Amino acid sequence: MAVTEASLLRQCPLLLPQNRSKTVYEGFISAQGRDFHLRIVLPEDLQLKNARLLCSWQLRTILSGYHRIVQQEVALKNRQELYALPPPPQFYSSLIEEIGTLGWDKLVYADTCFSTIKLKAEDASGREHLITLKLKAKYPAESPDYFVDFPVPFCASWTPQSSLISIYSQFLAAIESLKAFWDVMDEIDEKTWVLEPEKPPRSATARRIALASFFSSRHDLLS
């Protein structure tokens with residue numbers, strides 16, 4: 001079985017190949033507790049990253065809400081480096097010290113090598129936000145890779161003298177600058193009948209709202 005076919009069947013067991021060359025798959029995929037019809041058309045090189053997805057507007061709306069997160073996660077994964085040698089002891093000692101200064105209650109995840117960590121923060125309205133950091137062997141000389149669930153790009157400044165505290169402070173400032181936007185989106189979610197997306201991520205900027213029994217309207221607050 002080809003790697004592409006194995007990957008597809010592992011991720012989406014309800015998809016079946018539709019031709020001998022196995023460039024077209026069709027079936028169903030589950031998203032937010034619902035099943036949606038999906039057709040995947042692979043290019044000649046069978047690269048999943050270049051595949052075409054044919055689906056309903058409901059599934060497309062759900063996927064679009066997570067598009068920014070997926071892009072960041074893919075970019076983060078593509079930039080990950082394999083360490084030829086383990087980081088030096090000072091990598092761990094300085095990192096442990098920084099987390100201690102920041103507060104261990106802020107740490108929600110760390111892999112066994114402490115090369116990937118997740119930190120949490122709460123805004124003034126009680127919403128929890130996460131930042132994922134991929135630390136390199138030459139940290140802090142090299143900036144860590146990071147991604148967040150924001151509706152706008154997050155670009156943190158970094159110097160060889162920077163630390164987790166400095167990037168976390170920039171993370172907090174960005175959260176504060178987006179508070180008013182999230183307040184409005186939460187109010188829309190609470191006081192209107194939102195059709196799509198059902199469970200919007202914090203990066204989602206649009207809502208499809210039911211205005212009457214027979215029609216709806218889509219609004220994008222950042223457009």
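Predicted model, so just to flag it, every value in this text is computed and none were measured.
For the residue pair His129 and Asp123, a side-chain donor N or O sits within less than 3.5 Å of a side-chain acceptor on the partner. Between the side chains of Tyr139 and Glu98, at least one donor N or O lies within less than 3.5 Å of an accepting N or O. Under the 3.5 Å distance criterion, with hydrogens and angles disregarded, no donor-acceptor pair is assigned to the side chains of Ser169 and Ser166.
Judged purely by atom type and a 3.5 angstrom limit, Trp182 has no side-chain atom pairing as donor or acceptor with the backbone of Ser125.
When all heavy atoms of Lys106 and Tyr168 are compared, the pair lying nearest together is CD-OH, 3.2 Å. Summarising the geometry of Ala124 relative to Lys179, their closest heavy-atom pair is CB-CE, 3.5 Å, with the distance given to 0.1 Å. When every heavy atom of Trp158 is checked against every heavy atom of Ser163, the shortest pair comes out as CZ3-O, 3.4 Å. Minimum heavy-atom separation, Ala174 to Phe150: CB-CE1, 3.6 Å. Across every non-hydrogen atom of Ala206 and Pro197, the tightest pair is O-CD, 3.6 Å. In this structure, Phe91 and Ala137 approach most closely via the heavy-atom pair CD1-O, 4.1 Å.
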**OP:** Report the C-alpha distance between Ile209 and Trp193 in whole Å, list the side-chain angles of each, state the deciding distance to 0.1 Å, and finish with yes or no for side-chain contact (heavy atoms from CB on, under 4.5 Å).
**Re:** CA-CA 6 Å; Ile209 302 171; Trp193 181 8; 5.6 Å; no
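Within the structure, every pair that satisfies the salt bridge (Lys or Arg N to Asp or Glu O under 4.0 Å) test and touches residues 185-196, not counting sequence neighbours, is listed here: Arg34-Glu196, Arg127-Asp186, Asp186-Arg202, Glu187-Lys191, Asp189-Arg207.
Looking at heavy atoms from C-beta onward, Ser157 lies in side-chain contact with Gln170 at the 4.5 angstrom threshold. Contact of the Leu42 side chain with the Val24 side chain is not registered, since no non-hydrogen atoms from C-beta on lie closer than 4.5 Å. The shortest side-chain heavy-atom distance between Tyr109 and Leu119 does not fall under the 4.5 Å cut-off. With contacts defined as side-chain heavy-atom distances shorter than 4.5 Å, the pair Leu95/Leu164 qualifies. A 4.5 Å side-chain heavy-atom check between Thr101 and Ile165 finds at least one atom pair inside the cut-off. No side-chain heavy atom of Leu135 sits less than 4.5 Å from a side-chain heavy atom of Phe114. Annotation: side chain of Leu178 is in contact with side chain of Pro151 (closest heavy-atom distance under 4.5 Å).
For the atom pair CD1 (Ile117) and CG (Leu133), the distance works out to 5.0 Å, reported to the nearest 0.5 Å. To the nearest 0.5 angstrom, Asp145 atom CG is 9.5 Å from Thr116 atom OG1.
A ring-centre distance under 6.0 Å is found for Tyr146 and Phe154.
If you chain together hydrophobic residues whose side chains sit under 4.5 Å apart, Val108 and Phe147 never meet in one group.
Residues satisfying the side chain to side chain contact (heavy atoms under 4.5 Å, CB included) test with Glu128, not counting sequence neighbours, are Lys120, Leu130.
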